[in-house]
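All of these numbers come straight from a predicted model, not from anything done at the bench.
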Amino acid sequence: MALHSFSYCSLPFIIIFFFFFCFFFFHGEGAFSPSPEEVGICEAVVRPYGYKCQEFEVTTEDGYILGMQRIPVGRNGVIGGARQPVLLQHGVLMDGMTWLLNSPEQSLAFVLADNGFDVWIGNIRGTRSSYRHVSLTPSDRAYWAWSWDELVVNDLPAMVDLVSKQTKQKLHYVGHSLGTLIALASFSEGRLVDKLRSAALLCPIAYLDHMKTKLGILAAKLFVGEILSNLLGLAEFNPKGVEASKWLNRLCSYPDVNCYDLLTAFTGNNCCLNGSTVQLFLEYEPQPTSTKNMVHLAQTFRNGVLTKYNYGANNIQRYGQSTPPVYNLSNIPNSLPLYLSYGGRDSLSDTEDVEHLLHDLKLHDTDQLVLHYVQNYAHVDFIMGVSAKQVVYDSMMAFFRQL
């Protein structure tokens with residue numbers, strides 16, 4: 001198999017290994033002790049800044065109990081009429097803390113609240129706020145028997161429905177990385193669109209044909225997702241676990257692999273991060289996910305096609321056909337307002353792959369599709385960059401306000 005072909009299955013490992021190694025090396029220096037799991041997001045990082053914050057729960061159709069946070073007003077506490085709701089959805093191995101890692105003047109959740117929006121923060125199953133089930137526990141293998149297909153079918157609809165019922169309004173959606181993938185897949189099947197005003201996709205992920213990361217290719221060559229699932233028998237993928245540590249040690253033993261600079265190597269040359277933000281990230285992340293989810297991510301990009309989970313010989317029984325059904329992104333309703341923001345230095349959401357996505361959207365109503373390109377931004381700048389408010393968020397809020 002050609003070396004290039006391995007790049008299609010390496011996205012999950014890129015994200016995993018960056019997160020884990022940052023945690024491993026920096027935590028090893030004693031910068032932080034593990035954050036108490038019993039402290040919710042509202043109590044940990046929202047209320048200390050003087051914001052009102054509410055914790056909500058919603059149960060999915062398949063029994064997962066998801067935690068959500070709401071910042072209903074800005075720091076000044078003035079409601080000032082109807083506030084448009086916005087749902088923020090994080091990426092893989094992250095949780096809602098994604099949107100709260102910088103100061104109130106720089107973090108998207110706080111910025112939106114202070115600019116008149118009713119902010120809702122989603123947390124997918126398996127993360128700190130969404131670790132419960134009506135009948136299963138995380139120690140049960142069945143608890144982890146899901147991939148991002150289930151996020152499309154169950155988690156996103158449950159969270160959107162909760163916001164819609166609580167606010168009696170259509171909402172804006174903001175996703176980053178995996179949060180864009182599950183949104184695009186949902187829209188392609190006609191899900192959610194009747195409850196949304198718009199969707200803003202930061203670092204949109206649909207294809208990885210032109211992903212630029214030598215470490216990602218090496219990771220895929222050494223250990224693809226199916227091997228991780230079948231040989232190690234892991235149901236929960238915990239980046240802090242022993243097996244992941246062993247694999248990463250092997251990866252870092254290769255010549256010319258610098259595991260102290262994985263942020264740049266895996267996500268691109270982020271221009272605008274500061275040390276305190278990274279340290280706060282290390283205190284609260286990464287979050288676990290299912291191994292099946294990581295396998296699905298590996299499958300998703302192997303051939304540059306978005307499909308449901310590939311069960312191999314069991315596809316006939318599962319889907320009634322030998323191959324998994326495709327998420328056809330050209331089926332996304334042309335009238336759905338979309339805001340796509342992507343960076344010139346992003347090694348994951350490469351500009352050529354965004355162009356591939358845009359080809360799928362070529363029939364989209366021109367007045368309902370806004371493209372926002374930031375030449376010097378990489379993957380993490382969009383959620384942790386100290387300049388993101390001026391560079392990205394102000395433009396995104398202007399897009400919301402015109403609808």
Side-chain angles (χ1 to χ4, degrees), residues 3-15 18 89 91-92 108 174-185 187-188 198-217 219-220 261-273 297 300-306 327-330 332 336-366 368-385 387-388 390-396 398-399:
L3 179 65
H4 177 70
S5 66
F6 285 106
S7 66
Y8 301 134
C9 63
S10 56
L11 172 67
F13 298 102
I14 292 169
I15 302 174
F18 158 58
Q89 186 54 54
V92 68
L108 179 57
V174 180
H176 176 255
S177 199
L178 178 68
T180 71
L181 172 62
I182 58 179
L184 289 166
F187 303 157
S188 75
S198 72
L201 309 179
L202 307 181
C203 309
I205 293 290
Y207 306 103
L208 287 182
D209 302 53
H210 300 90
M211 182 178 61
K212 297 178 176 66
T213 163
K214 292 181 180 179
L215 283 178
I217 295 172
D261 192 23
L262 292 188
L263 177 58
T264 296
F266 282 157
T267 68
N269 187 16
N270 295 278
C271 70
C272 305
L273 308 184
L297 286 169
T300 297
F301 303 105
R302 181 164 299 141
N303 298 310
V305 178
L306 287 179
Y327 290 105
N328 188 346
L329 300 186
S330 64
I332 294 174
L336 176 64
L338 296 176
Y339 175 95
L340 275 61
S341 189
Y342 59 107
R345 295 182 179 179
D346 194 334
S347 292
L348 298 178
S349 180
D350 185 80
T351 55
E352 291 187 73
D353 292 323
V354 175
E355 289 297 327
H356 188 172
L357 169 61
L358 293 176
H359 178 76
D360 290 336
L361 301 174
K362 63 181 181 296
L363 299 180
H364 211 82
D365 295 348
T366 56
Q368 301 298 326
L369 179 61
V370 173
L371 304 180
H372 183 252
Y373 174 67
V374 186
Q375 174 63 46
N376 67 329
Y377 261 34
H379 204 70
V380 184
D381 287 314
F382 287 85
I383 54 172
M384 291 169 55
S387 61
Q390 293 76 26
V391 174
V392 180
Y393 305 158
D394 284 346
S395 170
M396 184 174 66
F399 169 76

Closest approach of [X] to [Y] (non-hydrogen atoms, all atoms of both residues):
X: Val392; Y: His372; answer: CA-CE1, 3.8 Å
X: Cys272; Y: Tyr377; answer: SG-CE1, 3.8 Å
X: Leu329; Y: Leu357; answer: CD1-CD1, 3.7 Å
X: Leu178; Y: Val92; answer: CB-N, 3.5 Å
X: Asn270; Y: Ala378; answer: OD1-CB, 3.3 Å
X: Asn328; Y: Ser188; answer: O-CB, 3.3 Å

Problem - With sequence neighbours excluded, residues passing ring pair (Phe, Tyr, Trp, His ring centres under 6.0 Å) with His359 - result: none
Exercise for the section: Could you tell me which residues satisfy ring pair (Phe, Tyr, Trp, His ring centres under 6.0 Å) with Phe399, sequence neighbours excluded, listed by chain and number? Expected result: Tyr339
Point-to-point distance, once rounded to the nearest 0.5 Å, from [atom1] of [X] to [atom2] of [Y]:
X: Thr366; Y: Leu361; atom1: OG1; atom2: CG; result: 13.0 Å
X: Tyr327; Y: Phe187; atom1: OH; atom2: CZ; result: 13.5 Å
X: Asp381; Y: Asp346; atom1: CG; atom2: CG; result: 9.0 Å
X: Glu355; Y: Leu371; atom1: CD; atom2: CG; result: 8.0 Å
X: Gln375; Y: Tyr342; atom1: CD; atom2: OH; result: 10.5 Å

Exercise for the section: Check whether any side-chain N or O of His364 sits under 3.5 Å from a backbone N or O of Leu336 as a donor-acceptor pair, and report yes or no. Expected result: yes
Exercise for the section: Examine distances only and state if a side-chain atom of His176 and a backbone atom of Val380 form a donor-acceptor pair shorter than 3.5 Å. Expected result: no
If you define the side chain from C-beta out and look only at heavy atoms, does anything of [X] sit under 4.5 Å from [Y]?
X: Leu181; Y: Leu297; result: yes
X: Ser341; Y: Met396; result: no
X: Leu108; Y: Ile383; result: no
X: Leu338; Y: Gln368; result: no
X: Thr180; Y: Cys203; result: no
X: Leu358; Y: Leu340; result: yes

Practice task
Answer yes if the side chains of Thr351 and Tyr373 hold a donor-acceptor pair under 3.5 Å, and no otherwise.
Solution key: no
Handout entry: All salt bridge (Lys or Arg N to Asp or Glu O under 4.0 Å) counterparts of Asp365, not counting sequence neighbours
Key = none
